[in-house]
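First comes the structure, then the notes that go with it.
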Amino acid sequence: MIGYLNLILRLVIWFLLTANFSLTNIIIGVAIALLLPGLRKTPTVLTDWLWVFYEIVIAIPQAYAEAFEMIFRPHNYEEITREEVKPRRTPGLIFLDIFLITFTPKTIVVKYHEDGWYAVHWVRRRRAR
């Protein structure tokens with residue numbers, strides 16, 4: 001089941017990049033998604049995938065709220081923090097985690113470290129204490 005979710009994620013990314021739903025592009029997208037390495041099934045739980053999609057849906061209004069907050073109340077301070085990667089993350093889930101962090105205007109993932117953490121750049125209103 002999880003292998004299919006990775007395949008679907010790759011196809012969605014392909015269609016977002018190409019913005020073309022012709023038969024030829026669909027065939028090319030499926031071929032590329034199948035030929036990319038790492039499609040093997042990995043031990044993840046379906047609830048992990050559902051939870052990430054739920055967090056993405058919640059992040060949309062949060063992104064708008066943060067954008068308006070940054071417009072009306074300037075954020076003058078920056079910092080880089082380390083955030084730990086959740087356990088049992090496949091490459092697809094790590095991609096979605098990075099997308100989720102970067103989607104909101106106040107944060108962006110600067111680097112993913114293989115030993116299990118992200119370097120996240122924050123824009124803040126006040127200096128952290």
Side-chain angles (χ1 to χ4, degrees):
M1 175 74 179
I2 301 303
Y4 296 120
L5 290 174
N6 283 329
L7 180 67
I8 291 170
L9 176 65
R10 289 176 181 189
L11 285 173
V12 167
I13 292 170
W14 174 258
F15 291 134
L16 286 173
L17 287 173
T18 61
N20 182 357
F21 293 102
S22 67
L23 180 62
T24 307
N25 193 51
I26 292 172
I27 293 170
I28 293 170
V30 169
I32 289 175
L34 290 173
L35 291 174
L36 284 173
L39 195 57
R40 64 193 178 281
K41 292 186 178 182
T42 53
T44 59
V45 181
L46 182 61
T47 55
D48 289 342
W49 279 87
L50 294 175
W51 185 254
V52 169
F53 287 127
Y54 170 75
E55 288 177 340
I56 290 172
V57 169
I58 296 300
I60 294 170
Q62 178 186 355
Y64 278 104
E66 286 182 9
F68 284 118
E69 183 182 0
M70 289 177 69
I71 290 170
F72 296 115
R73 296 170 43 191
H75 289 61
N76 300 325
Y77 300 104
E78 303 175 23
E79 67 177 322
I80 294 181
T81 60
R82 286 177 48 157
E83 293 195 12
E84 190 174 347
V85 177
K86 296 174 185 167
R88 298 183 334 235
R89 287 301 204 211
T90 63
L93 287 173
I94 290 172
F95 170 79
L96 288 175
D97 285 342
I98 292 172
F99 172 78
L100 181 65
I101 293 170
T102 305
F103 184 73
T104 56
K106 291 184 182 182
T107 58
I108 188 165
V109 175
V110 178
K111 182 168 177 56
Y112 166 68
H113 296 274
E114 295 291 329
D115 55 343
W117 56 279
Y118 309 114
V120 180
H121 177 267
W122 289 80
V123 178
R124 302 213 190 252
R125 185 160 163 73
R126 293 193 178 104
R127 231 181 253 279
R129 296 178 191 247

Side chains of [X] and [Y]: closer than 4.5 Å at any heavy-atom pair?
{"X": "Val52", "Y": "Arg89", "answer": "yes"}
{"X": "Leu9", "Y": "Leu96", "answer": "yes"}
{"X": "Ile32", "Y": "Trp14", "answer": "yes"}

For Glu83, salt bridge (charged side-chain N to carboxylate O under 4.0 Å, His left out) partners two or more places apart:
none
Joining Ile, Leu, Val, Met, Phe, Trp and Tyr whenever any side-chain heavy atoms lie under 4.5 Å apart, the cluster holding Ile101 also takes in Val85, Ile94, Ile98, Val109, Tyr112, Tyr118, Val120, Trp122
In the hydrophobic cluster built from side-chain contacts under 4.5 Å, what are the other members alongside Leu23?
Ile27
Please round to the nearest 0.5 Å and tell me the distance separating atom [atom1] of [X] and atom [atom2] of [Y].
{"X": "Ile28", "Y": "Leu35", "atom1": "CD1", "atom2": "CG", "answer": "12.0 Å"}
{"X": "Lys86", "Y": "Glu84", "atom1": "NZ", "atom2": "CD", "answer": "11.0 Å"}
{"X": "Leu17", "Y": "Ile13", "atom1": "CG", "atom2": "CD1", "answer": "7.5 Å"}
{"X": "Thr104", "Y": "Ile60", "atom1": "OG1", "atom2": "CD1", "answer": "12.0 Å"}

With sequence neighbours excluded, what pairs up with Pro74 under the side-chain contact (heavy atoms from CB on, under 4.5 Å) test?
Asn76, Arg125
Residues that Asn20 engages under side-chain contact (heavy atoms from CB on, under 4.5 Å), provided they are two or more places apart:
Thr18, Ser22, Asn25
Quick check: is [Y] connected to [X] through a chain of hydrophobic side chains (ILVMFWY, heavy atoms under 4.5 Å apart)?
{"X": "Ile58", "Y": "Trp51", "value": "yes"}
{"X": "Leu7", "Y": "Phe21", "value": "yes"}
{"X": "Tyr54", "Y": "Ile8", "value": "no"}

Pair Arg124 + Glu79: basic N to acidic O under 4.0 Å
yes
Taking every non-hydrogen atom, the tightest pair across Ile80 and Ala119
CG2-CB, 4.2 Å
How close do Ala33 and Leu11 get, heavy atom to heavy atom, and via which atoms?
CB-CD2, 4.1 Å
Check the angle between the aromatic planes of Phe99 and Phe103 and answer parallel, tilted or perpendicular using the 30° and 60° thresholds.
tilted
Output a table of donor-acceptor pairs, distance under 3.5 Å, between side-chain atoms of residues 64-72 and any protein atom two or more places apart or on a different chain; print 'none' if there are none.
residue, atom, partner, partner atom, Å
Glu66, OE1, Lys106, N, 3.4
Glu66, OE2, Gln62, NE2, 3.0
Glu69, OE1, Lys106, NZ, 2.9
Glu69, OE2, Lys106, NZ, 3.4

